[in-house]
Amino acid sequence: MILPLVAIVVFAVLLAFSLIRMIEVDTDIRVDAERNMLWVMHQSESAARRLVEATLRAELGEADASEIALRLDLLRSRFALLGDGPQQRFITDIGLAPQMADLRVALQALRPPPEDFTTAEVQQLRLAMAPFAAFFSRAANKTMIREWDDLGGRLETSREQLHQIIVSLLGIMLTGGVLTITLFLALRHSRRSNDMLRRERDFSALLISSSGEGIMAVDDAGTCTIWNPAMAAMTGRTAQQAIGRKMSEIAGFFDITAMRRAVAASLDGKDSNLALQPYFRDAEEPPLHVDLKVSPMRDHGRVIGAIVFMHDASDRYAAREKEAESRARLEQLVAERTRELDDALTRERSAADLYRNFAGMISHQFRTPLAVADSALQRLIRRGPRADAAEIIERATGARNAIAGLTRLVESTLDAARLQAGQVGARRAPCDLIALLDMVGARQRAASPGARIKLRRADAVDAAALCDPAHAEQVMENLLSNAVKYADPDTPITVRLHNDDRSVLCDFSNTGPAIDEADRERVFESGFRGANSASTPGTGVGLFIARSLARMQGGEVSLLPGGAGTTFRLALPRLAGAAR
Amino acid sequence: MRLSAAIGLLCLSLWVPCVTAAGSAPVLQVTGQIADGPAVFDMPQLRDLPRATLETSTVVTDGAHRFTGFLMRDFLAQLGAEGQMVTATALNDYAVDIPLSDFDRFDVIVAYSMDGAALDRADKGPLWIVYPRDAHAELQDIRYDYRWVWQLSQIDVR
């Protein structure tokens, strides 16, 4: 590295030196007219000799005064010339200035002869002229020697300068050669480096294009610079559509907040990972789910952009979804089973409660039918022979109906076979509550002729329940007789039959005295009698029995909140709801 | 008397018409390819020509001088000169060939005074061909320097 620098410095120095030397030679080569002094001396000598010649011819009568005057003027002009700056300096230089001055004084003293001159006058002039030609001859001689000395000296100087220039040029050639070789080597090295770089670049390009992962690069302005085939396959955008555009313009996906944040973070030098991001290629198709890794791209430690690796993780997403779905189904199944078990437990408990209070139930449920049957039979006895056939049939049928209800209750409750098998729960069967309610209503009207009982049905009610008809009958009877018993005199008792999704509902409403808030839940306890029932005969087990029987069938009896009067609701599972 | 007789004799012998007015001495003779030659001029005639002035240094003096005279180009044009070359001859028989193109390319004058003083025959007068040496670098060359003819007496157009 030091050699080329030295070569360049030497090259420049030698070049400058040669240039300076050449300029000097150029200046020296110019020949000034003042160097032409030999010609001046010759002309001066010639002028002097021609003046002498003119005087000689005048002596012979061949020339007149004007010619002598002309020749004299011409000689004077030579002295004028030699007296001027450059010539004067040369004369001084060759050491002839004193003689020159003497001759000038002598010349100025001379006057041209008059027109009618005498031979003697002209002869005198000629004699006075004698030293002039000799002086100029000697001056020419000295001039020649001086000029040759000068020329020789200048030639020698020039030769020396040329020699130096030649040596410098050799040096320039040498350093030029060194520089040429260095340049050639540098070029070859550069070409090799370029080849290597190109191969590496090609290899990188091959890696990127054959990668199964989508690879995208963006510069620090967010413009896409790399977009490999895997990326194109995943997104449905070709490289031509992507490269050179802003990320946000390529697809809406790259403009979501998470993506923008990840790219901004990588431009700050941080890696980011985004898992299972939905990528919608088409509004109608389900999205791809992709994992993304966004990393900074560095050049000599400086972040120049971000590189995004996109991996199609749709399979993993599907597996995860499936797993979540099956877990949800399992949870639902467990919940259902738990509910079923809870229901079964409730029924069992209710049955157990009922059997534990069996004596109470018998005495409560049997009292009214027995009283009905007894009174019917007493009347028949009292009427004796007065009773006609129709009356006998009517009263006997009343007694039989009461007894039949009891029989059904006993059959259902005390099924010896089921008791033996330990199944104390209800026997459940499809049952039309409309018919059942009609029967209970009719019986209640017979027992309490003064009561105004209204039976209502919602439009399109589905009254098909899954229950034990004998038990349902008992529950309805208890609730209806309660409603009648606690109603204000001469107010209607309304029974309304309707249904919701799961249950058939039967609401028994009256406008009797309200039940105390504190007693609302306790009314269903065995043996409890509320504050408002003090004046009414009862054992305090009717509601307990009703609820227990309802629960044994998966149903419920509840006291509806609020409103004027009191409403008890019987809910029994719908046949349709249970089947579903 | 002897001088005028001699000039008259000279004019006659060269078949030159003596055009000098008032009998003053002729200083310049123009011969060769001119319209009505040969022609002879004395100083008053030359001084009547359109005047030209230039300032330049010379190789035989120190410093710059102001020369007054007339343009050679206009002078030759007035005489109807046709040719390629003139031969300028001095009183001491110094002769130089000058291409006519010099006078077209440069404002060459024939000077009769320097720094306001008339040129004398005992110096470089009465006429001196002066080139505008300082105005043109190419004129600073010995091949032009020898064309500065002083004591000019004759111009022969060829």
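Reminder, nothing fancy here: chain letters follow the sequence lines and each chain counts from 1. Everything quoted here is computed from the prediction, not taken from an experiment.
- Annotation for B/R51: atom CZ does not count as buried by contact number, only 12 or fewer foreign heavy atoms lying within 6.0 Å.
- For the pair B/K124 and A/D84, the tightest heavy-atom approach, listed with the atom from each and the gap, is NZ-OD2, 3.1 Å.
- Of all the heavy atoms in A/P86 and B/V59, the pair that sits closest is CG-O, 3.8 Å.
- Interface with chain B: from residues 74-82 of chain A, residues A/L74, A/R76, A/S77, A/R78, A/A80, A/L81 qualify, criterion being any non-hydrogen pair under 4.5 Å.
- For CD of A/Q124, the number of neighbouring non-hydrogen atoms (other residues, nucleotides, ligands) closer than 6.0 Å is 12 at most.
- Crowding of A/M173 atom CE: a count of heavy atoms from other residues, nucleotides or ligands under 6.0 Å not exceeding 12.
- Under a cut-off of 6.0 angstrom, the local environment of CZ in B/R66 is sparse, with at most 12 non-hydrogen atoms contributed by other residues, nucleotides or ligands.
- For the pair B/Y146 and A/W39, the minimum side-chain heavy-atom distance is 4.5 Å or more.
- Within a 6.0 Å radius of CD in B/Q84, other residues, nucleotides and ligands contribute 12 heavy atoms or fewer.
- Atom CD of B/E55 sits in a crowded spot, with more than 12 heavy atoms from other residues, nucleotides or ligands closer than 6.0 Å.
- The nearest pair of heavy atoms linking A/R50 to B/N92 is NH1-O, 4.0 Å.
- By a heavy-atom distance cut of under 4.5 Å, not one residue of residues 156-164 of chain A is near chain B.
- Nearest heavy atoms, B/V60 versus A/Q87: O-NE2, 2.9 Å.
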Go through the steps to decide whether A/L70 and B/L91 satisfy the test side-chain contact (heavy atoms from CB on, under 4.5 Å), and finish with yes or no. CA-CA 8 Å; A/L70 172 66; B/L91 289 172; 4.0 Å; yes
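- Neither the backbone nor the side chain of A/E67 comes within contact range of chain B; no heavy atoms are under 4.5 Å apart.
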